[in-house]
Amino acid sequence: MSRLAALPRRLALLHPLRRTTCAARSYSTASEQRLDNRVKIVEVGPRDGLQNEKNIVPLVTKIELIERLAKTGLETIEAGSFVAPKWVPQMANSSEILSHILATPPTSPHPLTYSFLAPNMKGLSNAFSILNQNPGTFSTETNPLPSKPSLEIAVFASATETFSQKNLNASIAASLEGFRAVISAAKETPYNLRVRGYISVVLGCPFEGYDVSPHRVAEIATELLEMGVDEIALGDTTGMGTAPRTKDLLNCLRSAGIRNEDVAMHFHDTYGQALVNTAVALEHGIRTFDASVSGLGGCPYSPGATGNVATEDVVYFMESLGMDTGVNLDGVADVGDWISKELGRGNGSTVGRAVLGQRKRKQE
Ligand SMILES: CC(C)(COP(=O)([O-])OP(=O)([O-])OC[C@H]1O[C@@H](n2cnc3c(N)ncnc32)[C@H](O)[C@@H]1OP(=O)([O-])[O-])[C@@H](O)C(=O)NCCC(=O)NCCSC(=O)C[C@@](C)(O)CC(=O)[O-]
């Protein structure tokens, strides 16, 4: 069987289109026009939200944050990052977090997926050693165990060379080559893990500005899908994205044959555009959105970038449009209030502040 014939159907469809140019070709398919009101929110607060905190957040606080979030109806929580501790010291205790999740799965209304970044084989083997110590405690792609947590790992590429060097100490091509081994090892038995592939700075780079090619993003996404990732997460790391640029990028990916169901959007709100861009992506047909409780976050390699769009804001916004996130707004607003106080900072969610303020006024 040829390599192409062995590829899953979505990749076989993609393959001939790999080098497609992205002339502004805008069309919608019947499947994209279908009314689909289910939206998945990926909570990235415990990883992306905390990784940039100057003071090391105690392990107990991180675990309590995950446990509180698990109760709110979220389906996926990004819980840590197996990266070099000298690069991102805040994530140094990700092994302990994974161990704790497996030994004592947080109480939740339904089984949850926990995601961890792993940029290289060293990070993946650190994750594997925790899994090996806890056999049978997690669900896999091939052996779903409804009462046990599922696990996902995430690799992260960049859309610009400068960001790739700063974030990964490697060119885009070298990082992708390294991910190939990580993705295939993660998918091997007995682990059979789901894999997410981030692409950072897709709508603006802290070093190369707005000069980010959507064609290049489509090429990288295609390459990651061909390697076997289950989902592409498009990171507007700097929050420089605007509505027209988001639309152009998504149209370009569509022209390259990438399906909406394989794409998640990861907006930061540095310029206050995250919800507008979310609306554009939603209208385009995307149904998976990353968010961070109380808008925690920032990227250590993106100077000046502030937090991810707040989970509370996304939940309220989606519900106002009749979309179903499955997330309890009051519950997540309480978590946002709690973690903001724990970190000694203001609550970064406008909606969170409004929900809590209204509740307080009712009680007075
Ligand atoms: C990829 C590397 C490791 C290369 O870093 P390097 O220095 O080129 O790697 P190296 O292979 O030369 O190793 C250097 C040292 O790090 C160790 N090492 C090497 N790898 C690991 C590992 N996985 N876990 C633990 N230790 C590791 C390795 O063992 C060695 O230790 P030493 O011999 O000096 O004692 C480094 O660049 C790195 O860790 N970068 C991480 C950067 C990062 O975490 N950035 C933030 C996450 S991405 C993000 O936030 C964006 C996103 C995802 O949210 C989406 C968006 O908003 O755009």
Side-chain angles (χ1 to χ4, degrees), residues 42-53 78-96 98 115-130 152-160 162-172 174-179 181-182 185-186 195-208 212 217 220-221 224 229 231-241 249 263-270 274 277 288-292 295-309:
V42 176
E43 170 61 51
V44 297
R47 194 283 302 174
D48 207 1
L50 296 185
Q51 73 177 6
N52 212 26
E53 282 294 316
E78 196 172 70
S81 184
F82 287 93
V83 293
K86 74 174 177 198
W87 282 65
V88 187
Q90 187 64 256
M91 292 288 111
N93 48 17
S94 292
S95 292
E96 284 94 323
L98 178 54
S115 189
F116 288 81
L117 266 53
N120 54 15
M121 285 307 289
K122 167 100 185 167
L124 189 67
S125 2
N126 288 346
F128 280 174
S129 70
I130 305 300
E152 174 188 84
I153 63 124
V155 295
F156 45 101
S158 305
T160 67
T162 317
F163 194 82
S164 185
Q165 286 296 344
K166 300 267 183 198
N167 200 28
L168 287 164
N169 201 22
S171 65
I172 296 173
S175 69
L176 288 173
E177 212 32 60
F179 296 154
V182 176
V195 182
R196 169 176 248 222
Y198 276 105
I199 307 175
S200 288
V201 298
V202 296
L203 291 166
C205 171
F207 311 104
E208 298 187 26
V212 182
V217 176
I220 296 168
L224 286 167
V229 302
E231 178 178 76
I232 295 292
L234 298 174
D236 182 17
T237 321
T238 56
M240 287 159 73
L249 174 65
V263 175
M265 301 308 293
H266 177 101
F267 289 117
H268 284 251
D269 204 23
T270 317
N277 297 339
T288 303
F289 294 89
D290 294 5
S292 169
L296 296 174
C299 175
Y301 302 99
S302 178
T306 59
N308 293 86
V309 62

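Atoms within a ligand are numbered from 1 in the order they appear, just like the ligands themselves. Note that this is a predicted model, so its numbers are computed, not measured.
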Write out the residue and atom name of the closest protein heavy atom to atom 51 (C) of ligand 1, then the distance separating them to 0.1 Å.
Ser200 OG, 3.5 Å
Among protein heavy atoms, which lies nearest atom 40 (N) of ligand 1, and at what distance?
Asn167 O, 3.2 Å
Shortest non-hydrogen pair, Pro119 vs Phe179, comes out as O-CE2, 3.3 Å
Which label fits His266 and Tyr198: parallel for a plane angle under 30°, tilted from 30 to 60°, or perpendicular past 60°?
perpendicular
Identity and separation of the nearest protein heavy atom to atom 49 (C) of ligand 1:
Arg47 NH1, 3.6 Å
Is any side-chain heavy atom of Lys166 closer than 4.5 Å to a side-chain heavy atom of Phe207?
yes
Does any N/O atom on Tyr198 come nearer than 3.5 Å to any N/O atom on ligand 1?
no
Taking N or O atoms only and a 3.5 Å limit, does Pro85 qualify as a polar contact for ligand 1?
no
Top protein contact for atom 3 (C) of ligand 1, by heavy-atom distance
Asn120 ND2, 3.6 Å
Give a yes or no on whether atom 22 (C) of ligand 1 lies under 4.0 Å from any heavy atom of the protein.
yes
Heavy atom of protein closer than 4.0 angstrom to atom 45 (N) of ligand 1
yes
Backbone or side chain, does any N or O of Val83 fall under 3.5 Å from an N or O of ligand 1?
yes
Among non-hydrogen protein atoms, atom 32 (P) of ligand 1 lies closest to Lys86 NZ, 4.7 Å
Min N/O separation Ala84 to ligand 1 under 3.5 Å:
yes
Checking the N or O distance criterion of under 3.5 Å, is ligand 1 in contact with Val88?
no
Kindly indicate whether atom 35 (O) of ligand 1 is approached by any protein heavy atom to under 4.0 angstrom.
no
Identify, with sequence neighbours excluded, every residue that meets side chain to side chain contact (heavy atoms under 4.5 Å, CB included) alongside Ser164.
Ser158, Ile172, Ser175
Can you check whether Ser81 has an N/O within less than 3.5 Å of an N/O in ligand 1?
no
Tell me whether Asn52 contacts the main-chain N or O of Gly297 through its side chain, where contact means a donor paired with an acceptor under 3.5 Å.
no
Which protein non-hydrogen atom lies closest to atom 7 (O) of ligand 1, naming both residue and atom, and how far is it?
Trp87 NE1, 3.2 Å
Return yes when Met91 approaches ligand 1 closer than 4.0 angstrom through a heavy atom, no otherwise.
no
If hydrogens are left out, which of His266, Gln90, Gln51, Lys122 has an atom nearest to atom 57 (O) of ligand 1, that is, the closest non-hydrogen atom?
His266
Heavy-atom distance from atom 30 (C) of ligand 1 to the protein below 4.0 Å?
no
Shortest protein heavy-atom distance from atom 58 (O) of ligand 1, along with the residue and atom involved:
Thr237 OG1, 2.5 Å
Residue pair Glu43 / Ser292: nearest heavy atoms and the distance that separates them
OE2-CA, 3.4 Å
Does the side chain of Leu296 come within less than 4.5 Å of Asn308's, by heavy atoms?
no
Does Thr238 use its side chain to pair, donor to acceptor, with the backbone of Gly204 at less than 3.5 Å?
yes
Can you find a protein heavy atom closer to atom 11 (O) of ligand 1 than 4.0 Å?
no
among protein heavy atoms, the one nearest atom 8 (O) of ligand 1 is Asn169 ND2, 2.7 Å
Please report whether ligand 1 has a polar contact with Asp236, defined as an N or O pair separated by less than 3.5 Å (distance criterion only).
no
